[in-house]
Asker: 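Dropping a structure here in structure tokens format, bear with me for questions.
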Amino acid sequence: MTLQPDNNQDKILAGLTDAQQQAVTHIDGPLLILAGPGSGKTRVVTHRIAYMIQRGVPDYQIAALTFTNKAADEMRGRLQRLAPSSRVWTGTFHRFCSRLLRQHASLVGLHENFSIYDTDDSSRLLKEAIRDASVDLVRETSGRIASAISSAKNKLVTPEDYKPAPGNPVGAMVARVYPHYQKRLLLANAVDFDDLLLHTALLLRNNAELRRGLDQRFCYLMVDEYQDTNFAQYTIVRALSINYPNLAVTGDPDQSIYGWRGASIRNILDFEKDFPRVRVVRLERNYRSTKCILRAADQLIANNVQRKSKRLYTDNPEGQPVRLTAYRTGRAEADAIAARIANQIATGQRRPKDFAIFYRTNAFSRSLEFAMRHAGLPYQIVRGLEFYQRKEVKDILAYLHLVNNPSSDVALLRIINTPPRRIGKATLDRLRHHARHQGTSLLEAARQSGLIESLNKRSALFVAKFVTMYDTLSATVADSVEELVRRVLDQTGYRDWLQVQETEEAEQRLENIEELITDAREFDESLPEDGGLDAFLEQTALVADIDGWATEPDCVTMMTLHAAKGLEFPVVFIVAIEDNMLPHERSKDEAGKVEEERRLFFVGMTRAEQELHLSCVHERGFRGESRMTAPSQFLMELPRDEMEVTGQIGYGSDVDLDDELEDDFDWKAWEDDEPIFQVDAPPQSTGLPESSATGETSPKVGLGGVRTAADMMRDDVEEQPPCSPDTFRRGMAVLHPDYGLGHIVTLGGSGKRRVASVRFVSQPSTVTFNLAHSPLRPIKTGNTNQE
DNA sequence: TATTCGCAAGTTTTT
DNA sequence: CTTGCGAATA
């Protein structure tokens, strides 16, 4: 290796602490970076890669594996600045495996054009497999079988090896269904998410030469969030670090929250045993949170027994005490949070993007969403409803899947009668039967529809027509994914089908499809190294919830605690910290699960930079009815004497709930139907020193020269010139002179024909605009004069 | 075969 | 309160 001049190294090492430098400068041999929350882990990892390259390590020998695309993108972006145009492979575990598998598909019985089934596709296939095995579900659900198969795969247990625990009814069913399921996947030339790992692990295990070659190819391997790896992932990583054990992993056992997905905390705890000569670096200094927040989090996590103890510290200021509030109902909780956020924005202290709200389960996004709308606050939910999961989008993608991989039965079943082609259940059953008999795919069976005796002429003809349509479609040489999508839309009759419906819903669907076309075009333009239909479909299958989240729009962000990992926000709210919610009731039967819930809470708390607000309620709406709740045991583990506690937590409090809340918020203004932004008088002070807003009406300048958000918004409407259509993003908060505040639900079209449909606070349904001619503009709140 | 209606069931977290 | 699934109709 050639040594570079020292001043370049200085640049990379500048500003790093001793511990960080130790990690960065360690190149050869195993390395374990134990990184507490907010300890600058990503910085260390990217600087280390840059350092390695500078020291002469060939960039193509380095691969960095993450769990989400977002994390990978972040790493790639930062690396780009440190080591421009380096060819380090960064991506998710699943994408990494997908790439390897495409190159060596034949070794595991697949073709290189295999399809990746998402959860929905997989569960459809599983239902077919359950039919094959003629298993009667009785009291079990297919979902439980699915998760049993998934966990078997994560442990690298194949159908042949699967042995159910004796006396376990689910296990017995799995033993019968699993082989059929796997056979069908192979027959369809498809894999599920777990297969990506399973096949890769077995590939490496069974092909010594290949393993050796890949070990060398990925000589320097890095794995992020190592505490969340499962056995399959662990096997893959180990297999690639035998001859070249230059494996660097980062992680934090206290942030292990994916045990339910097969992740084993042992992988990180045993790392030092697996690699005896490992270098261990601890990053314990926190650069993110205030002392108050860190102390609370630290005290909570100290209650975990299965834990390497570790001290977190920070030189950050003390900050405000962590707040804990008990509300009467979930509605009150959501409204109070919205009010507090609106208040801080109205007084110019913060912008919407400074706030995040976390919850244990997705169901909570509804009530919070409602409260945000009521307050006129721009917000963004991290993928409650997946874009690629929408029916119309999945339909179009299914056509693409079938073009790419004609054996994909799930894709065929999805679209053979969508739009309606007079091919019904009876016909499908006969096709199924025929296909199974001949051992072929459904498309092949459909091709032979004329030969199927049980099928009458009429039905056979309709099927034949479908096959002809399909052949025409797949015969066209499309030179871009975008073009292919457009052809699908035209040639399958899908567009016409939606257009003649002339309903609001159908129109919405067309807009979503337009959005998909935009996606396809962006994909075409980005021209990734291995561009093509395969790659596009892979991309759509392997998106995580968090991947869709963008920092640009100035919105309050809401997401699950799981999705929050790796992020940070100035102000964090965590809601519903109640018994059976956090810890979740389903986590109470197993011993270690409650500790995992505690870690989850810990992760949430440590996302906060300046303010942390925790809350629980006394009664919670559940499946229509309302239920009494008990506070979470975790609340008893916090240092409550140094926190600001409001309302009754459990039975021991002497604070009167209602009085306290009256002091906190201007409930009169709040009860008003007007969004709080538009109320002339800003809400009452929260009692914090810096929020000294009064009830004074001030169009331009508020008290102390602070312009309120309402002022800014007025300015935005009246003073700004029209803006370019491509400044708009999905989910962006916008303002319209007549309709007021809203956010973009979908975008479609391009150039002068780019349209956006917007959901306004004031309107019951969405409104669509042509962006080139609309007075719509992105909202800018917060005080731009400061900073 | 397509559509509509009614009932039942179910909700943790996700690549 | 939603979503999905099945049966009854047109």
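Lettering of chains follows the sequences in order, A, B, ..., and the numbering in each one begins at 1.
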Asker: Should A:R586 be listed as having a side-chain N or O under 4.0 Å from OP1 or OP2 of B:dT12?
Answerer: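 Looking at the OP1 and OP2 atoms of B:dT12, one of them is under 4.0 Å from a side-chain N or O of A:R586.
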Asker: Between B:dT14 atom C1' and A:E596 atom CD, what is the distance in whole Å?
Answerer: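 So the two atoms are 12 Å apart, to the nearest Å.
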Asker: Among A:Y258, A:F67, A:F193, exactly one meets ring-ring contact (aromatic ring centres under 6.0 Å, His included) together with A:F93. Which residue is that?
Answerer: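 The option that passes is A:F67.
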Asker: Within less than 4.0 Å of OP1 or OP2 of B:dT15, is there a side-chain N or O belonging to A:N230?
Answerer: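 No, because none of the side-chain N or O atoms of A:N230 sits under 4.0 Å from OP1 or OP2 of B:dT15.
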Asker: Does A:T119 put a side-chain nitrogen or oxygen below 4.0 Å from OP1 or OP2 of B:dT15?
Answerer: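 So the side-chain polar atoms of A:T119 never come under 4.0 Å of the phosphate oxygens OP1 or OP2 of B:dT15.
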Asker: Tell me whether the OP1 or OP2 atom of C:dC5 has a side-chain N or O from A:K127 closer than 4.0 Å.
Answerer: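 Yes, because at least one side-chain N or O of A:K127 sits under 4.0 Å from OP1 or OP2 of C:dC5.
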Asker: Does NZ or CZ of A:R184 come closer than 6.0 Å to the centre of the six-membered ring of A:Y181, within 45° of the ring's axis?
Answerer: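 Here A:R184 fails the 6.0 Å and 45° test against A:Y181.
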Asker: For A:F358 and A:F573, I'd like to know if the aromatic rings sit close, meaning centre-to-centre distance below 6.0 Å.
Answerer: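 No, the ring centres sit 6.0 Å or more apart.
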Asker: Is there a stack between A:H94 and B:dT15, judged by ring centres under 5.5 Å and planes under 30°?
Answerer: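 By the stated criterion, A:H94 and B:dT15 do not stack.
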Asker: Looking for any heavy atom pair under 4.0 Å, which part of the strands does A:F67 touch: base, sugar-phosphate only, or nothing?
Answerer: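 A:F67: backbone/sugar contact only, no base atoms under 4.0 Å.
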Asker: Would a line drawn from the ring center of A:W89 to the ring center of A:F96 be shorter than 6.0 Å?
Answerer: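 Yes: the rings meet the under 6.0 Å criterion.
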Asker: Distance under 6.0 Å and angle within 45° of the ring axis: does A:R421 meet both against A:F466?
Answerer: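 Verdict for A:F466: no cation-pi partner in A:R421.
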Asker: May I have the distance from A:R390 (atom CZ) to C:dT3 (atom C1'), rounded to whole angstrom?
Answerer: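 Taking CZ of A:R390 and C1' of C:dT3, I get 16 Å after rounding.
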Asker: Find the distance A:R366:CZ to C:dT3:C1' and express it as a whole number of Å.
Answerer: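 Roughly 10 Å, once rounded to whole Å.
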Asker: May I have the distance from A:K70 (atom NZ) to B:dT14 (atom C1'), rounded to whole angstrom?
Answerer: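 Nearest whole value for this atom pair: 16 Å.
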Asker: Between the protein and nucleotides 1-10 of chain B, are there any N/O to N/O pairs under 3.5 Å, and if so, what are the atom names and distances?
Answerer:
from: B:dA2; atom 1: OP1; to: A:R422; atom 2: N; distance (Å): 3.0
from: B:dA2; atom 1: OP2; to: A:N417; atom 2: ND2; distance (Å): 3.0

Asker: In this structure, how many angstroms lie between the C1' atom of B:dT13 and the CD1 atom of A:I257, rounded?
Answerer: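 So the CD1-C1' distance, A:I257 to B:dT13, works out to 8 Å.
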Asker: Any stacking of A:W260 on B:dT13, going by centres under 5.5 angstrom and planes within less than 30 degrees?
Answerer: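 According to the criterion (under 5.5 Å, under 30°), yes, A:W260 stacks.
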Asker: Could you work out, with side chain to side chain contact (heavy atoms under 4.5 Å, CB included) as the rule, every residue matching A:F462, not counting sequence neighbours?
Answerer: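 Side chain to side chain contact (heavy atoms under 4.5 Å, CB included) list for A:F462, sorted by chain: A:R422, A:I423, A:R458.
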Asker: Using atom P of each nucleotide, how far apart are C:dG4 and B:dT13 to the nearest Å?
Answerer: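 Straight-line distance between the two P atoms is 15 Å.
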Asker: Rounding to a whole Å, what distance do you find between A:L600:CG and B:dT14:C1'?
Answerer: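 In whole Å, B:dT14 C1' lies 13 Å from A:L600 CG.
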Asker: Using the ring of each side chain (for Trp, its six-membered ring), is A:F364 parallel, tilted or perpendicular to A:Y359, with breaks at 30° and 60°?
Answerer: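 Ring orientation of A:F364 relative to A:Y359: tilted.
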Asker: Could you state the CD1-P distance from A:I577 to B:dT12, rounded to the nearest angstrom?
Answerer: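 From A:I577 CD1 to B:dT12 P: 20 Å.
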